[in-house]
Protein chains: 2
Amino acid sequence: MLKRERHDFIMRQINLHNRVLTSDLVQLLNVSEDTIRRDLQELVDEGLLFKVHGGALSKSYHSSFDDSTVYARDSKIIIAKKATNLIKDGMVVLIGGGTTILEFVKQLPQGISATFFTISPLVAVELAKYNNVEVILIGGLFSKNSQVTYGGHVISQLSEIKADLCLMGTSALHPEGGLTDTDWEINQLKKAMLACSKKSAVLCISEKLDITLRLKVCPIESISYLVTELDNKHESLADYQSKEVNIL
Amino acid sequence: MLKRERHDFIMRQINLHNRVLTSDLVQLLNVSEDTIRRDLQELVDEGLLFKVHGGALSKSYHSSFDDSTVYARDSKIIIAKKATNLIKDGMVVLIGGGTTILEFVKQLPQGISATFFTISPLVAVELAKYNNVEVILIGGLFSKNSQVTYGGHVISQLSEIKADLCLMGTSALHPEGGLTDTDWEINQLKKAMLACSKKSAVLCISEKLDITLRLKVCPIESISYLVTELDNKHESLADYQSKEVNIL
DNA sequence: CACAAAAACGCAAAAACACGCAAAATTTAA
DNA sequence: TTAAATTTTGCGTGTTTTTGCGTTTTTGTG
């Protein structure tokens, strides 16, 4: 087996399991420990993974471990500030959950006057700090992972709402793949949210661009506004340009 | 499991529950106590947590510990600990909002297994930290003052629930006046909550005893359990004794 | 004060690692 | 095609890291 093939194999394992053990690789690839160690070191040098005693971890795993809140916080604030321009007085806004959305809410101007429907308790609490904002929390089963309400009850209530704008965070975005997700319930939720809103805005830090996950929410064209921390002329956004999508 | 992964796991637990027990980690991670202690020590060296006898606390939790913005926090913890005994495995519990209730949720034992309906987003978030707890958030208009959902939509959903126990905080309690309140919406809410529960428990710090407010929720006899920070033989509780009310 | 639980300390075994070196494999060049 | 150059690989050796165990010390509790 060629060195390149081994490297590919290791990266597949990393992407699949977020980690590899040196000992496992020795058995699977039938080479000596030293070879594996050298392979891992080379992949580290290329910045593709993170080495620890006993094996290696995926780079993303590492970054999310270290301190996720501080990690991408600056980017999220930039995104949030851009996105606040989308909210006009008197609007009815449907808003999701997640750290980016929460940061967005914190960046809203004090005097804002609008009606917000949300599935996120934390977002509701934060929105309640604005005097002229009406907050309606959509109730249902509460998800431990994503910290939002979900399930049939939520979907059914969403179907009764007609919002001017839907604001949501992203798991992954891809020029062809569109908006995708890994969790079935969240996927259903996002679909329902998009369905009841005239326009939609997606807040997305650049590192979640060009990734496709298993479950599709909608194609790129269904998104009205894409907000990233990058300049809207940035090359990595070129593929997302279309007459439907407005890049902020 | 890799050391790095253990550290990650521990930090996740810390961020989730604000504390970890060494003994719990030993079981969960299936390693010796010494290893856990060393892990904790290393995380302390990195300034990620705060070590105490029996486990460790979150750094932020510790700093927010002494700035007791929560009024009468000590009393509320005592009340909360007493009240946890009311929750049995498999129960369906309807739970309100407020600082006392929030403290109660934080004091619940780790392994608790029950279903909670709540009108408080903050309580929902806190409850979601327990693995075997199912949380249903009752949605509706969100009140800026009391940080709970309220209004017709909430009342109507409450009417569809049948809970084993209803847990709520108090504005005021009086031997003759019963449970009273100042806010019309909250009053309606509490009535509805009591109506759909077999039993009810009221958490009440002693300084809210012997007070009557404008709007009546229910008479003392409608309350199954009264939980205060005082000893249940304390003289100021004498007037609340009745065959219906159980004083903890 | 006594008792049990938790922590600290030193120690030793096992596992993982780093480094140099030489054999083997691969590539390059004549 | 062959020989030289280069890369890759495996092995031996010594070092470091990690972990669990026994013992002693500290801590919390009644």
Side-chain angles (χ1 to χ4, degrees), chain A residues 1-14 17-59 61-62 65-66, chain B residues 1-14 17-59 61-62 65-66 73-74 77-78 80-82 84-85 106-107 109-111 229 231-233:
Chain A
M1 178 174 264
L2 260 47
K3 191 160 106 158
R4 182 61 59 80
E5 292 178 292
R6 272 202 323 270
H7 284 201
D8 288 346
F9 181 87
I10 292 172
M11 286 313 297
R12 258 207 306 284
Q13 293 291 315
I14 284 277
H17 303 112
N18 273 331
R19 71 157 191 180
V20 281
L21 300 183
T22 309
S23 52
D24 284 355
L25 290 173
V26 167
Q27 289 210 328
L28 287 166
L29 298 170
N30 206 39
V31 288
S32 74
E33 282 192 13
D34 303 71
T35 304
I36 294 298
R37 278 201 201 89
R38 273 185 287 250
D39 284 343
L40 292 179
Q41 187 54 54
E42 284 158 28
L43 291 168
V44 166
D45 293 342
E46 292 176 50
L48 295 174
L49 47 76
F50 180 73
K51 205 153 156 293
V52 295
H53 209 92
L57 301 173
S58 108
K59 210 81 187 303
Y61 180 81
H62 171 53
F65 157 71
D66 209 312
Chain B
M1 179 172 260
L2 263 34
K3 188 163 114 160
R4 191 62 187 248
E5 292 180 298
R6 269 199 330 263
H7 284 199
D8 175 44
F9 181 88
I10 292 171
M11 285 313 296
R12 228 175 245 153
Q13 293 291 314
I14 284 275
H17 300 107
N18 282 327
R19 62 157 187 255
V20 282
L21 301 182
T22 308
S23 51
D24 284 355
L25 290 174
V26 167
Q27 288 211 327
L28 288 167
L29 297 171
N30 207 38
V31 288
S32 74
E33 282 192 10
D34 302 71
T35 303
I36 294 298
R37 281 204 196 89
R38 272 185 288 249
D39 284 343
L40 292 179
Q41 186 55 53
E42 283 159 29
L43 291 168
V44 166
D45 293 342
E46 293 175 53
L48 294 174
L49 49 76
F50 185 76
K51 206 151 157 293
V52 294
H53 236 86
L57 300 173
S58 141
K59 211 96 187 290
Y61 181 75
H62 181 250
F65 188 84
D66 38 14
R73 187 150 193 272
D74 292 343
I77 290 177
I78 296 173
K81 284 190 175 164
K82 283 193 202 176
T84 55
N85 297 321
K106 287 179 182 169
Q107 298 294 336
Q110 287 294 332
E229 83 276 21
D231 187 275
N232 63 359
K233 299 295 175 199

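Every chain is numbered from 1 and lettered A, B, ... according to where its sequence line falls, protein lines coming before strand lines.
Between the P atom of dA6(C) and the CD atom of Q27(B) lies a distance of 12 Å, rounded to the nearest Å. In this entry the distance linking CG of D24(A) with C1' of dA16(C) reads 14 Å, nearest Å. Rounded to whole Å, the distance from CD on Q41(A) to P on dC19(C) is 10 Å. Taking atom CZ of residue R38(B) and atom C1' of nucleotide dT16(D), one finds them 15 Å apart after rounding to whole Å. Separating the CG atom of D39(B) from the P atom of dA7(C) is a distance of 13 Å, rounded to the nearest angstrom. One can place NE2 of H7(A) at 9 Å from P of dT8(D), the figure rounded to the nearest angstrom. Spacing between atom CD1 of I36(B) and atom P of dC21(D) amounts to 14 Å, rounded to whole angstrom units. Look at CZ on R4(A): it is 15 Å from C1' on dT26(C), rounded to the nearest Å.
Residue T22(A) places its side chain closer to dC17(C) than to any other of dA8(C), dC17(C), dT8(D). Side-chain atoms of D34(B) lie closest to dG20(D) of the nucleotides dG10(D), dG20(D), dT19(D). The H53(A) side chain lies nearest to dA16(C) when the options are dA16(C), dG10(D), dA6(C).
Residue L43(B) forms a side chain to side chain contact (heavy atoms under 4.5 Å, CB included) with just one option from R6(B), K51(B), M11(B), K59(B), and that option is M11(B).
V52(A) comes within 4.0 angstrom of the backbone, heavy atoms only, and of no base. R6(B) comes within 4.0 angstrom of the backbone, heavy atoms only, and of no base.
Ion pairing between a basic and an acidic side chain is recognised when a charged N comes within 4.0 Å of a carboxylate O; D8(B) and R12(B) show such pairing.
For the atom pair OG1 (T22(B)) and NE2 (H53(B)), the distance works out to 9.5 Å, reported to the nearest 0.5 Å.
For R37(B), no side-chain nitrogen or oxygen approaches OP1 or OP2 of dC21(D) to under 4.0 Å. Residue T35(B) places none of its side-chain N or O atoms closer than 4.0 Å to OP1 or OP2 of dT19(D). One finds no side-chain N or O of K3(B) lying less than 4.0 angstrom from the OP1 or OP2 phosphate oxygen of dA15(C).
Within 6.0 Å of NZ in K81(B) there are 12 or fewer heavy atoms belonging to other residues, nucleotides or ligands.
I14(A) approaches A56(A) most closely through the heavy-atom pair CD1-O, 3.9 Å.
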